[in-house]
Amino acid sequence: MSSGGGFVPKWVNLSEASTMLGMDRRQILKLGRGGVLRVCQPSRQYRVSTDSIEHLDERLTEVRSTTRIHRRRRS
């Protein structure tokens with residue numbers, strides 16, 4: 001058991017994630033569709049993984065680097 005601060009939930013709803021990231025809800029869903037953030041919809045409400053929010057910078061860097069590798073050059 002950790003001796004840290006308060007309880008941190010594993011998943012937060014879309015409005016909480018929007019506040020945490022300072023992003024529009026549509027942008028968060030777009031990042032979810034792109035595989036950058038872990039987003040699920042167990043019922044009618046979207047949920048975002050707090051782990052993916054915490055590691056967003058690392059994941060964006062990873063996605064950008066793989067996108068550059070797989071991008072084709074136009075002739």
Working to the nearest 0.5 Å, report the span between CD of Glu16 and CG of Asn13.
4.0 Å

Within a strict 4.5 Å, meaning less than it, do heavy atoms of the Thr19 and Val12 side chains meet?
no

Distance-only donor-acceptor check, side chains Ser49 and Asp51, under 3.5 Å
no

With a 4.5 Å limit on heavy-atom distance, are the side chains of Pro42 and Arg47 in contact?
yes

Same cluster or not: Leu14 versus Val36, using hydrophobic residues (I, L, V, M, F, W, Y) connected whenever any side-chain heavy atoms lie under 4.5 Å apart?
yes

Considering only distance and modelled atom types, tabulate donor-acceptor pairs under 3.5 Å from the side chains of residues 20-33, sequence neighbours left out.
{"residue": "Asp24", "atom": "OD2", "partner": "Arg26", "partner atom": "N", "Å": "3.4"}
{"residue": "Asp24", "atom": "OD2", "partner": "Arg26", "partner atom": "NE", "Å": "2.7"}
{"residue": "Asp24", "atom": "OD2", "partner": "Arg26", "partner atom": "NH2", "Å": "3.1"}

Can you name the residues that form a salt bridge (Lys or Arg N to Asp or Glu O under 4.0 Å) with Arg38, not counting sequence neighbours?
none

Keeping Thr50 on the side-chain end and Lys10 on the backbone end, is there a donor-acceptor pair under 3.5 Å?
yes

Shortest non-hydrogen contact between Leu37 and Ile53, atoms and distance
CD2-N, 4.0 Å

